[in-house]
Structures are given as C-alpha cells and as structure tokens.
Colleague: 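Just dropping this structure here.
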There are 2 protein chains.
Amino acid sequence: MAQVLVAPRVRLNRDRVLQAAVGLADQVGIEALSMRRLAEELGVVPMALYKHVANKDELLDGMVEVIVAEIDPPARDAEWKTAVRLRVLSARQMLLRHPWARSVLESRTTHTPAVLDYLESTIGIFLAGGFSADLTHHVMHALGSRMWGFTQELFDASADPARPPADPAVQAAQMQAMAERYPQILQISSAAAHDDSVVAHGCDDRFEFEFALDLLLDGFERLRAADWSSSSATRTA
Amino acid sequence: MAQVLVAPRVRLNRDRVLQAAVGLADQVGIEALSMRRLAEELGVVPMALYKHVANKDELLDGMVEVIVAEIDPPARDAEWKTAVRLRVLSARQMLLRHPWARSVLESRTTHTPAVLDYLESTIGIFLAGGFSADLTHHVMHALGSRMWGFTQELFDASADPARPPADPAVQAAQMQAMAERYPQILQISSAAAHDDSVVAHGCDDRFEFEFALDLLLDGFERLRAADWSSSSATRTA
DNA sequence: ACCTGAACACCGTTCAAGT
DNA sequence: ACCTGAACACCGTTCAAGT
C-alpha cells in the first residue's frame, strides 16, 4: 500500500539530460527544444533540469559535446590529405544525423573539451604531415566551418523544402519571371545538374562539398610544397 | 484645445520599421531585438508593426534586404578576380558594420530580391570572366558564406570578448593546463601572430579571411585555365 | 487604412519550500 | 542531495474593437 503505482523513476543525471536533449532535437528540431519541453519528455518538472545544467546555454554546450564525440578519430597510418578528408567527411555524417547541429555549432562561442580535442587531433594531422605550425594555423582558419562538415550554402535545397508550388502553371510563370529577372542564376543552376533525380539531392550536396574541400586541400598541398610562410606572404590590397 | 501635446507622430511604413529594426539590432544586438522592443522604440504599440510586416520572420528578411543593398555593386572594367575580391571585401565591410548580420544571414532560407540581385551580379562577374556556367555553379558553392564576407571561424577572438581572466596567476595556470592538454593548439596559435598588438585583432581576422579567399580564387583560376567541367571530374571517394 | 487593448499560449529562470 | 510549486518578467501573435 505504501509503494503506489508511481514508476521507480530513473534518477536524473547530466548525461541522461544531454542524451534526451540530443534525441529531442533530432525529433522535433532545435527551435522546439525548450527547457520545459525537455523536462516534460523526461517526466520531470522544468526546474529539475537546473540541478544538472546551469542554464540553457550550458545545455547546448553539453549537446555539442555529445555530438562532436561522435566524429571518428583520425585514421592512423594515412597520408595527411586522406586523413583530413576522412575526418571532415565523418564530421559531415554526424551533421547529417543531427540536422540542428549546424546552427548550434555556429552559435557556440565557448570551446568545450570535446571541441578542443577535435581541434587538437586535427591540427595533429597537419603537423605530422609536414606542415609548419604557421601554415597549419592558416590552413585551419581556411577550413573554417568545413571542418565540421558544413558550409553556409547559398542554394540550399535541403533547407528549403517543398519549394515548387503545386500548380504547374504557377510554377512555369515563376520560372519565366526568374528567367527574365535573374537569367544568370537560372543559367548556372541548370548547368550543373549532375544528378537527374530530384530525390537524391543529397548526392548533389556531397559533390559540392567535396569540390570545395578538395580545392582547399590541393591549395594547402601547394603551399606546403612551396614552403609558404605568413611572413613571406605579400599582402596585396 | 483639441490639438493636445501629442507629437504629430510620423506615419509608420515598412521602410521606417526596417530601418529602425536595423538600427536597434546594431545598438542592442539581435537577441535583444523583439517585436515589442522595436515597437517601443518607434513609440507605437507592438501590434502596429504587424500592419507593415507579416511576422518576425518577415521582419528579419526585410532587415537582410536593407543590409545586402549596402554592398557595393561589381566594379566595372576590372578583371574577374579583382572584381570578386572587391565585392566580397565590400560585403565584409557591411558585416563589420552590422555584427548581427552574420547569424541572421545564416538563418535565412528565403531568397529575397536583394539577395537574388547580389547572387545574380556576382555570377555575372564569373561568366564575364570566361567561366563556364558549370564551373561558375561550383565556384559559387565553394565560396559559400565567404561571399557574404564571413566564414565560421574556429578561433573567433571577436566573438569571445574579455576572454583572459583578470588575475595573471590564474591566466598562467590556465595557459599551463592548455599546454599540457592541447599542446598543438597552443603551438599553432602562437605561431602566426602576425600582429603583435592585442588591440588590432581586426587585422588578424582580415589576414585569415583574405588567405582563404585568395586560396580559393587561385584554385578557381587554375580550374578555369584547365577547362574544368563537372562531367570530366573524377569523383574519388 | 491604420492603430489599440486585452488576452493566449508560450519562454527561461529565481526563490523558497518540500522530501 | 535532489526535486517541486508558484511566481516573475519576458516572448510572438490572434482577435475584436476603436478612430
């Protein structure tokens, strides 16, 4: 009689909170992830969360920790270029699993341990590959967000779902208006349809991503071969 | 007696709302920009704004319109490379005037006319410079957010103000801990101090930005010279 | 045509209290 | 040590009403 129908509620802890937050963001999107909703998901009152994360900002930092730890460690016994490439593409896989990760990574300014670990080991690939500390510094900057497997895309099909209006007549009229006002945009968007099906646009994205990544990696290689250094670089305005 | 002390309130219109929103965001930051606060700034009740913008999303789109229009038009009679470079650096100046612009540009998915105009004229530079539509497509993707004058930076000093703690002893201990846990991060961050003063770190940012930009532009030039096309490109996994 | 007032359904977070 | 309840100061936005 004393033990009623109340479930033997699993004790809350930081990890359970973070895992639940990641899962909830995966399901409902980052804008719908609120402290109140997360608490509800955990069958707990909102204030209970504050014993495990100081505030919402720390929750987001914790979520970043969780997902950054999902990125593969650097490949051992691989050439620097392959190693960086694999790493970045692994980060990209993680990002595809957590669509909200991009905006959260962009917004975070504090460097949590998992983030620092990721940077440290990526830097290690370059240094081990014969890059000077100087060049490695700039090369890391040049990679920028691409290191996390994303870049701000201008024609982001995936971010703009259900674009075409149902009515084909409206669609044709819209196309016509575009062709008149923005002929060059139309020209280049139709030019590179390396994938005919609308369905598999993920492949398209990947092609663009790797195009830019390889362009940068080739550039890095060239600078390294030329013993580039920032002091020898002439800054042309 | 009928005309009381009420100021002859200037009639609200869309442009006045957008200009005020941009100004307010410049002053107080984007996270403090709310419909309610903006209304207060304009001496009006919150609901009055909704006659001129449908909702907050449209307000943000409108703000993007305002600032994108501030970017210089393409330089006439300039080589493609110089023209792109100038354009991107002009976008960067705009971004420095409106620190909130970066996150808002990142979050927008709808393409408003001013944004399309910007894309159209930038594409025009490449096409006029002898780039194929195909290559222009990929090159625009590779530029990505750099086209707006920014990239996600990993060591973003400006986003992380007042980092060093006041106590020099604490600072030294922190440095020591970093050196042990993240030796390579420390190595590369000290390696490329091309500007000795802490004050002018804006120059540092500019150096990194131009380093990556020029690396890309040089890569574009090489592909163009080699008559690169997406169909001839072998996709190595 | 434009602005207002009151209300609704949300937020993150503090504080004092419960077990 | 951990969770709760009530409250505070905010949000964006709808709806019916005013001029």
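Lettering of chains follows the sequences in order, A, B, ..., and the numbering in each one begins at 1.
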Colleague: Strictly under 4.0 angstrom, non-hydrogen atoms only: write out the protein contact profile of nucleotides 5-19 of chain C, one letter per nucleotide from the 5' end, B, S or -.
Modeller: B-B---BBBB-----

Colleague: At their closest point, which heavy atom of B:Asp72 faces which heavy atom of B:Ser90, and how far apart are they?
Modeller: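 Here B:Asp72 and B:Ser90 meet closest at N-OG, 2.9 Å.
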
Colleague: Which atom names give the shortest non-hydrogen contact between A:Ile185 and B:Leu116, and what distance separates them?
Modeller: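 Nearest pair, atom of A:Ile185 first, then B:Leu116: CD1-O, 3.5 Å.
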
Colleague: Kindly give the heavy-atom pair with the smallest separation between B:Ala83 and B:Ile125, and that separation in Å.
Modeller: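 Shortest heavy-atom contact: CB-CG2, 3.6 Å.
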
Colleague: Identify the two heavy atoms, one from A:Arg87 and one from A:Ser121, that lie closest to each other, and give their separation to 0.1 Å.
Modeller: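 Taking every non-hydrogen atom into account, NH1-OG, 3.0 Å.
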
Colleague: Give each stem of DNA chain C as a range with a range, requiring at least 3 consecutive Watson-Crick or G-U wobble pairs whose two distances are under 3.5 Å.
Modeller: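 Runs of three or more consecutive pairs: C:4-8 with D:12-16, C:12-16 with D:4-8.
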
Colleague: Between A:His52 and D:dC2, is there a side-chain N or O to OP1/OP2 distance below 4.0 Å?
Modeller: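 Looking at the OP1 and OP2 atoms of D:dC2, neither is under 4.0 Å from any side-chain N or O of A:His52.
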
Colleague: Does the pair A:Arg108/A:Asp61 count as a salt bridge with the N-to-O cut at 4.0 Å?
Modeller: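 Salt bridge flag = yes for A:Asp61 with A:Arg108.
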
Colleague: Which pair of heavy atoms, one from B:Asp26 and one from B:His98, lies closest together, and at what distance?
Modeller: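 Result for this residue pair: OD1-ND1, 2.8 Å.
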
Colleague: If every non-hydrogen atom of A:Ile30 is compared with every non-hydrogen atom of A:Ser103, which pair is closest and at what distance?
Modeller: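 Shortest heavy-atom contact: CG2-OG, 4.1 Å.
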
Colleague: Could you tell me which residues satisfy side chain to side chain contact (heavy atoms under 4.5 Å, CB included) with A:Val53, sequence neighbours excluded, listed by chain and number?
Modeller: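 Counting only residues at least two positions away or on another chain, A:Val53 forms a side chain to side chain contact (heavy atoms under 4.5 Å, CB included) with A:Arg14, A:Leu18, A:Met35, A:Glu58, A:Leu59.
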
